[in-house]
Structure formats: structure tokens, C-alpha cells
Amino acid sequence: MGERIIIIDGNSLINRAFYGLPPLTTKEGTYTNAVYGFVNMLYKIYEDYQPEYISVAFDRKAPTFRHMEYDAYKAGRKRMPDELGQQLPILKELLDVMHIHRMEIDGFEADDLIGTLVKYCEEKNLETLVVTGDRDALQLASDHTKILITKKGMTDLEIYTPESIIERYEVTPQQFIDLKGLMGDSSDNIPGVPGVGEKTAIKLIKQFGSIEEMIRHTEEIQNQKLREKIESNIEQAIFSKRLATIKTDVPIDLSLTALQREAPNQEKLLELFRRLEFHSLIQKMIKSEDSQEKAIDRAKIHMIEKYEDVQKLINVVMLSKHLYFRLFGVGENVRDREIIGMSIMLEEDFSYYVDFKVLKGSIELLKDIFEDENILKTGHNIKNEILMLRKHGISLAGADFDTSIAVYLLEPTRTSYEIDEIYTAYLGKNMSNEESLLGKGKNRVTFMQIDRDLLSKYGHQVCHAVKDLKKILEAELEKLELKKLFHEVEMPLIKVLADMEYEGFRVDHQMLSSLGKELNGKIEQLMAEIYAMAGEQFNINSTKQLGDILFERLKLPAIKKTKTGYSTNIEVLEKLSKKHPIINKIIEYRHYVKLKSTYIDGLIDVINKGTNKIHSSFNQTVTATGRISSTEPNLQNIPIRLELGREIRKVFIPTDENYLLLDADYSQIELRVLAHISKDPELIEAFETDQDIHTITASKVFNVPVDQVTSYQRSSAKAVNFGIVYGISDFGLAENLGITKKEAQKYIDEYFDKYKGVKTYMEQAVENGKKNGYVTTILNRRRYIPELTSSNFNIRSFGERTAMNTPIQGSAADIIKVAMIRVHEELDKRKLQSRLILQVHDELIVETHKDEIDEVKQIVKREMEEAIQLNVPLKVEMHLGKSWYDTKK
DNA sequence: AACGTCACG
DNA sequence: ACGTACGTGACGTTG
């Protein structure tokens with residue numbers, strides 16, 4: 001027989017635990033004894049049976065089909081006491097944290113879910129063990145399935161096989177149902193045949209085989225009284241049998257993967273145990289974690305602290321083609337992070353830890369290895385390693401496989417790509433996690449404070465995980481045809497992003513400060529004016545307080561509500577602006593405060609003292625669509641739309657007087673991508689002849705000649721074009737243009753009538769998304785959209801818009817990523833001094849040396865326009881300037 | 001930590 | 001009838 005599964009009757013077991021253990025509560029009075037008993041049981045089961053799969057079934061409060069057929073079903077049974085009832089949700093939370101599958105469905109009892117799963121497992125040829133306190137389950141026993149019934153003490157289980165059931169009860173598992181049909185069951189209020197007890201029932205079933213057979217041959221019943229009793233209760237017997245029969249065809253989706261036994265979320269489990277005050281379990285867990293760490297045999301780590309040993313290591317590494325590594329660095333900024341240690345692993349499960357704190361000489365000793373492109377490197381978040389090495393004068397080559405990025409391509413909507421989480425998710429095993437090593441919040445320490453034995457163990461685990469993961473992830477990438485995207489785009493891009501971070505963007509600190517002072521003056525003045533008009537002082541930044549002032553004190557009409565109170569966003573304020581002079585002051589105040597806090601103070605805070613530059617982080621595993629994101633600070637949302645904000649761009653300047661900024665942006669890249677994937681002839685024509693796309697769209701939507709399109713029509717058409725890219729809806733367009741839904745729908749109909757190919761594309765995008773469960777981009781980047789199958793209209797609609805938008809936004813992201821790699825490569829190859837320093841989704845900024853202007857312009861334009869060949873031309877516009885502001889005129 | 005708001009493509 | 005445009009990140013307030 002194959003692998004083993006444990007199926008637990010959750011209600012039955014928690015009941016046994018509750019009544020079997022003395023009441024136990026936390027300090028706050030929450031009852032915990034049943035949960036405690038349950039967990040101990042679980043641990044025991046894990047230890048004794050080591051199942052590959054597990055599931056726990058629960059009853060629901062809702063009436064089952066048995067109640068529907070029989071009002072008195074389970075009537076008279078006492079309600080679950082509250083002390084037990086309150087433990088059910090805790091138990092479920094615990095199971096979730098332990099990553100244990102659970103089932104519950106309205107209308108069915110746990111037994112029926114178990115029966116259905118048992119049948120499923122039999123088909124899958126699993127060895128199935130059902131754990132319950134209820135002997136009704138004995139009917140499920142078979143060659144594949146054993147029933148484990150809890151004994152009095154809870155800790156021991158009685159094992160029933162078909163043979164042992166026959167031995168003990170003299171009937172087969174199937175006949176067990178007949179038995180109950182005859183005997184009835186007082187606890188479930190199943191009637192059976194009055195006057196027939198266990199002995200008689202067994203005798204009858206042994207004689208006839210089943211209730212049905214018995215009914216057919218009642219004349220063969222010798223005992224006259226018994227025969228009469230049975231003959232007058234035939235229907236009741238059949239009915240009782242039906243009630244006692246466990247269903248095996250409950251409509252539930254089952255898949256073995258979901259049932260797989262996984263390692264628990266250690267951290268959350270510990271947290272939960274603490275909350276429940278399960279001290280003995282906490283002890284046990286900590287001990288087992290300890291022993292896990294000890295399990296990494298000290299002999300598997302070689303500590304390197306002498307120069308000669310480094311030489312030996314180099315010799316060994318030079319002979320290998322592949323290494324797995326992790327560097328440990330300390331220091332806030334990318335530019336000054338010292339490497340204090342390194343774990344490195346080759347093909348065997350054996351790691352070296354180089355202790356640079358003790359060793360004389362630094363990482364530079366290993367420069368030849370890191371710069372050898374024939375030694376392939378695998379790591380997790382390699383950008384960090386690249387940055388640390390670069391600071392030490394080493395340019396990493398042969399960066400072959402980054403496990404975080406591989407997982408990102410497989411699951412771009414994951415919230416975390418932490419190595420330990422991924423390791424658990426893909427390999428079902430646990431490893432230490434960085435946060436528990438370093439602590440969090442103000443208690444966080446640096447790697448410098450970590451004992452090197454501990455650090456080397458952690459490094460060993462990381463290398464080991466990365467190595468195991470690579471094998472699995474490579475196969476997955478291959479399966480989803482993502483290898484090309486991974487190896488030719490995402491992996492090479494890491495270095496480009498690292499270089500952008502390392503270079504940074506120079507800012508004029510003084511100019512920022514003086515802009516800040518100006519803003520401060522204006523903010524103070526506005527505050528005074530607002531307080532005067534309001535008649536009192538309040539915190540204008542607080543939407544709650546502002547709402548009170550506007551809608552209670554000043555009695556202005558509330559237009560919109562949020563979850564927590566009145567909405568005071570810009571749309572609301574604009575609608576109110578004519579009703580009270582305070583409104584415009586507030587709008588202005590908000591504008592200034594935003595600029596001051598986010599773009600003046602926020603930027604000043606992150607200027608690197610050593611370089612006078614801002615070194616933003618560019619994140620490659622954040623967005624669902626394939627775009628990159630920028631943090632600390634976000635340089636992708638520096639103001640431009642309003643002049644005052646745009647002034648901020650004046651502080652973004654080149655490194656020194658030898659450079660200028662070259663800003664190159666794609667013109668209408670998303671609509672061009674749409675033309676390409678939809679193959680719409682009209683849209684293609686518009687771009688091939690380089691027309692103003694919004695004017696063309698206006699002409700089509702409003703049925704006017706191109707030369708008679710008004711500016712109002714053009715801007716409406718622009719909104720329509722945006723809407724198309726976002727996955728249009730009449731509501732959204734109406735909202736945006738301030739028109740009725742009906743009018744908006746008219747625009748959309750006209751649009752789709754003229755751009756029929758776009759219409760077809762939109763329909764197919766949704767259809768394909770539903771069929772496959774995901775959508776793809778030009779480079780086969782994939783995004784799963786589970787929302788598409790939701791029965792909730794809103795969620796499903798969101799899924800549909802996502803299906804329409806992601807291929808467009810994601811393909812544009814693909815294109816600019818390729819362009820970045822090529823521009824970076826070309827600048828490098830030609831040994832130019834100019835550097836790519838920023839990307840803003842459809843725009844690249846290259847700090848260009850004055851001697852290289854023409855060459856760089858040519859490179860950037862060519863590589864961007866030719867990054868990926870579409871069936872429409874890509875168009876790039878470029879501007880040179882002395883500041884970012886100047887490049888936008 | 002969640003929410004509301006607002007900055008960008 | 002449902003009630004939203006797609007994708008991000010930072011800030012200040014509030015609970």
C-alpha cells in the first residue's frame with residue numbers, strides 16, 4: 001500500500017479531550033483543556049504513525065440532511081457547553097497555524113466528510129487511518145482503512161480492521177450499519193426496532209446478512225414475538241439504517257496536495273502556545289528546535305579563520321562549477337556595508353564559514369572566484385550580495401540562480417519571499433529565520449552581535465535551502481516555460497538594479513531645505529486661516545477631526561462615507577469648494593503638507609552623508625504584474641502633474657558638472673502593447689502612421705473627422721484609452737469623466753465598435769484567464785487570477801479587469817526590463833562613464849557624461865525602441881537637462 | 001497594524 | 001442588483 005493518511009473526527013476528539021481532562025484555563029479565564037488534549041493527541045499520532053497526509057473534519061451547526069428527513073434526529077442531545085464551544089475556534093486556528101487541512105460543510109456531519117475522504121483515499125490507494133471516539137465509523141473499515149477509536153485515557157487508541165471488527169462484533173463493517181438500524185442509537189435518537197438490543201441484532205444480522213434480506217425472509221425468524229416486532233417496524237428499521245449510513249459522496253473538492261502534512265508555522269505556533277499558556281508544549285517546541293539546530297552536524301561546517309585556509313578554500317572552489325553562498329554584512333547603507341562573514345557550499349552538503357572578523361584580510365581575497373563567470377553562483381536575494389561585493393571592489397559574475405526571483409516568477413502575488421517561508425512552502429521543512437536570529441523592532445541586532453557558531457549554522461541552512469530549492473524551482477520554471485524570462489531577463493536585471501542603487505541620484509540638499517522653509521511658511525499661514533474660519537484649533541491632518549469640523553460644526557453636506565467616518569478626500573473637497581471658503585484652504589494645505597512631509601523631509605532623511613545622493617532600493621519581487629518598485633525612498637512617484645510639486649524635480653541633479661541627465665520615455669507604450677497583442681488593425685494603423693492616439697480615438701468614439709476633434713473630446717478619449725488599459729467598466733469611466741454610466745457605456749460601445757480587435761482581445765483575455773487560471777505577457781510572465789472563479793460579483797469583476805490589464809502592464813514591464821539590460825550592457829561594453837540611474841515604469845534616466853552625449857542618446861534610443869519587436873513601432877522621446885525638472889519641458 | 005489620503009506610471 | 005477603474009509606496013492618525 002502507498003502512503004498514509006490520518007483523518008480525524010475533530011468534534012469527536014475535542015469532545016473526548018474536553019470530558020477526559022480536568023478544566024484548564026488561562027489567566028484570563030479562557031478554557032483550554034480540550035485544545036490541549038487535542039494537540040497532545042495530534043503529536044502522539046504524528047509520532048506513532050508519521051502520516052504523509054492529514055485532515056480534520058468538523059460538524060457544522062447548520063442542520064444536516066438527516067435533520068431534514070427526521071425532525072427528532074439527535075433530539076434530546078445536550079447542547080455543547082460553552083466551555084467547550086469557545087475552544088472550537090481556537091482549535092481551528094491552531095490547525096491552520098499547524099498547516100493541517102480541515103473540512104466542514106453545511107448540511108453534512110463530520111462522519112460524512114470522513115466517509116467521502118476515505119473513499120477518495122481508497123481510490124488513491126492510500127493507507128487510511130480514521131481517528132474518532134465514535135464507533136459509528138467502524139462501518140468505514142476496509143482493506144485500506146483502519147479505524148482508531150480513542151480509549152478512556154485519550155492517549156491510547158484501539159485499532160480496528162475488518163478482521164478485528166468481525167472478531168469482536170461478529171459482523172462485517174458494512175453490517176455494522178444494519179446492526180445500528182436494528183438496535184437504534186439513543187444518543188442520536190435513532191429509533192431502530194423497539195425491543196431489539198445488541199445481542200438480538202447481531203443474531204439476526206448473522207442469520208440474514210442484512211436488514212433487507214431479513215425483511216424478505218421474516219418468516220424464517222423463529223421467535224414469534226420478535227418476528228411480529230420486526231414486521232411491524234420494517235419501515236422504521238430501513239429508515240434507521242439510512243440515518244446510520246455514513247455518506248461517501250459529499251460534494252467536496254479534494255486534492256492530495258491540499259492534504260499533505262506540512263511543517264507548522266513555528267513562529268505563529270509558538271505565539272499561540274504562549275497565548276494559551278501551554279508551557280509544557282512551548283518547552284517541547286524549543287527543545288526540538290534546538291535539537292534541529294544541533295542536527296546540523298558541526299562536522300558539516302568548516303570554520304575558516306586563517307589566511308592559508310582561505311587559499312585552500314579558493315583551490316577547492318576553483319575546481320567546482322557551482323557554488324551556493326550567503327554573505328553577512330553590517331552597516332545601514334548600501335555604500336558602506338562591511339562583510340563580516342560568508343557561508344559557502346559546494347556540491348556536497350558541507351559548508352565553509354569564512355570569518356572575516358578574525359581573519360586577516362577581507363573578502364577581496366576571494367575576488368577571483370566571485371569574478372569568474374564560469375563559477376555559477378546561486379543565492380537568495382543576490383542583489384544584496386552584489387551590492388556588498390561591489391562596495392569591496394568586486395563585480396559579481398556568474399550570478400546564475402536567485403531563488404527568490406525564481407519563486408517570484410512562479411508566484412508573483414506572494415506576500416513574502418523570505419527564504420525560510422519558501423523553504424517550508426516548497427520542501428515542507430523548517431529552518432531558522434532571520435528575524436528570530438536578529439530579533440525585531442528596537443531589539444533587533446546586527447549580524448555583528450551574533451555568535452559565529454550560530455551565524456555559521458544559519459549560513460549553512462541558507463546555503464542548504466538554496467541548493468535544495470534550486471533543483472525544484474528549476475524544474476518548475478521549465479514546466480511553466482519561464483526559463484527564458486528567468487535567465488535572460490530577470491537574472492541579468494539584478495545586476496542592473498544593484499548598479500542603479502549603488503550609483504544613486506544626486507540631490508541638492510540645500511535647495512531641498514530652502515524649499516522646505518518656503519513650504520513651512522505657507523503651511524503655518526494656511527493653518528492660521530483654517531483655524532480662524534473653523535472657529536477653533538484642530539488637527540487638520542486628522543480626517544476624523546476634519547470631518548467633525550466640516551460636517552458637524554460647519555454643517556457642510558457629507559458627500560461620501562468611508563468605513564470609519566466621513567470621507568474628506570480631494571473629490572469630496574472639490575465638490576464642496578463653492579460652499580465654504582475653508583475648503584480651498586484645506587485643499588491647498590493638504591497639497592503643501594504632502595510635499596513637505598513626503599518629498600522634502602522624507603527625501604532629506606534618506607540622503608546618504610557620504611555620497612550626497614539618494615540610493616533608493618529597487619525591488620524585483622514586489623508587483624503582481626512584473627513591474628519593479630522603488631522604496632526608501634520611492635523615486636517613482638516624485639511629483640510632476642502640478643507645477644508646485646514639479647519644482648521638487650529641480651533638486652534632482654547629476655553627480656557633478658561633467659554630467660547631464662538624459663530622460664528617455666516610451667510614448668504610449670501600453671497602448672502600443674495593446675495594439676500588438678490585440679492585433680487590432682485600426683490601432684496598429686494609428687501607431688504605424690504615428691498619429692496622436694487620443695485624437696484618433698476621439699474621432700472614432702465621437703464620430704467626427706480627425707481635424708474637428710475638440711480638446712474636450714480628446715481628453716475624454718484619453719480617459720477612454722486609460723479605461724481600456726485598466727479593464728474598462730462603465731462605472732469607472734463615468735466616475736472619471738463625471739458623466740452618467742449610460743453615457744460612459746455609449747463611449748465604450750462606440751470604442752469597441754471601431755476597435756473590434758480590442759474587443760475580441762478583452763473577451764479572450766477573460767476567457768483564457770478563466771480557462772487556465774492565469775494570464776500571460778509577451779515574455780510569458782504569468783499571473784494567476786483566482787478571483788476569476790469567485791461567485792462574488794465584485795471579486796470576479798476585479799479578476800476580469802486584472803485579466804485584461806495584466807498582459808498589457810506586464811508586457812510593457814517586460815519591454816523596459818529588456819531595454820534596461822541592453823542599455824546597461826552597452827554602456828558597460830563601451831566603457832562609457834554614463835550610468836543608468838533610474839526607471840519609472842516607462843522611462844529611463846541616464847546620467848550622461850558630457851563627452852558621451854550623442855553616443856549615449858543613440859544607444860538609449862535604439863535599445864529602448866528595439867528591445868522587443870512588436871507589430872507596431874515603439875517610440876521613445878528623450879530630453880537632456882541639468883536637472884530632472886529640466887528634462888521635462 | 002489598519003485606514004485614509006495622495007504622489008507617480 | 002451588485003459598486004470599481006490597473007499597478008505601486010509613504011505619511012500621519014487612530015485604535
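Everything quoted here is computed from the prediction, not taken from an experiment.
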(message) Output the rounded distance in Å from CD1 (A:Ile570) to P (B:dC6).
(response)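 One finds 6 Å between P of B:dC6 and CD1 of A:Ile570, rounded.
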(message) Could you tell me how far apart A:Ile638 (CD1) and C:dT8 (C1') are, to the nearest whole angstrom?
(response)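 Distance check: A:Ile638 CD1 to C:dT8 C1' gives 13 Å.
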Is the phosphate of [N] approached by [X] (side-chain N or O, under 4.0 Å from OP1 or OP2)?
X        : N      : result
A:Arg801 : C:dC6  : yes
A:Arg796 : C:dC2  : no
A:Asn805 : C:dG7  : no
A:Ser567 : B:dT5  : yes
A:Ser542 : C:dT14 : yes
A:Gln545 : C:dT14 : yes
A:Lys544 : C:dT13 : no
A:Arg590 : B:dC6  : yes
A:Thr568 : B:dT5  : yes
A:Thr564 : B:dG4  : yes

(request) Check whether more than 12 heavy atoms from other residues, nucleotides or ligands sit under 6.0 Å from atom NZ of A:Lys888, and answer yes or no. (result)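 Yes, enclosed.
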By the 4.0 Å heavy-atom rule, please label [X] as base, sugar-phosphate, or nothing.
X        : answer
A:Ala624 : sugar-phosphate
A:Glu670 : nothing
A:Val593 : nothing
A:Leu635 : nothing
A:Gly602 : sugar-phosphate
A:Asp601 : nothing
A:Val725 : nothing

(request) Could you work out which one of B:dG9, C:dG9, C:dG7 sits closest to the side chain of A:Asp842? (result)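 Selected nucleotide (nearest to the side chain): B:dG9.
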(message) Working note: A:Thr695 + A:Asp692, criterion side chain to side chain donor-acceptor pair (under 3.5 Å); need CA distance, chi angles, decisive distance, verdict.
(response) CA-CA 5 Å; A:Thr695 304; A:Asp692 178 311; 3.2 Å; yes
(request) Could you tell me whether the side chain of A:Lys754 and the main chain of A:Lys700 form a donor-acceptor pair under 3.5 Å? (result)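 Checked: pair present.
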(request) Say whether, by atom type as modelled, one donor and one acceptor occur between the side chain of A:Ser616 and the main chain of A:Pro633 under 3.5 angstrom. (result)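 Answer holds: yes.
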Electrostatic pair [X]-[Y], nearest N-O below 4.0 angstrom:
X        : Y        : value
A:Arg553 : A:Glu536 : yes
A:Glu588 : A:Lys522 : no
A:Glu763 : A:Lys759 : yes

(message) Tell me which residues in residues 573-588 of chain A lie within less than 4.0 Å of DNA chain C, going by non-hydrogen atoms.
(response)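 When residues 573-588 of chain A is checked for heavy atoms under 4.0 Å from DNA chain C, there are no hits whatsoever.
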(message) Is there aromatic stacking of A:Phe798 on C:dT4 here, judged by a ring-centre distance under 5.5 Å and a plane angle under 30°?
(response)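 By the stated criterion, A:Phe798 and C:dT4 do not stack.
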(message) A cation-pi test, strictly: NZ or CZ of A:Lys561 under 6.0 Å from the centre of the six-membered ring of A:Tyr566 and no more than 45 degrees from its axis. Yes or no?
(response)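 Yes, a cation-pi geometry.
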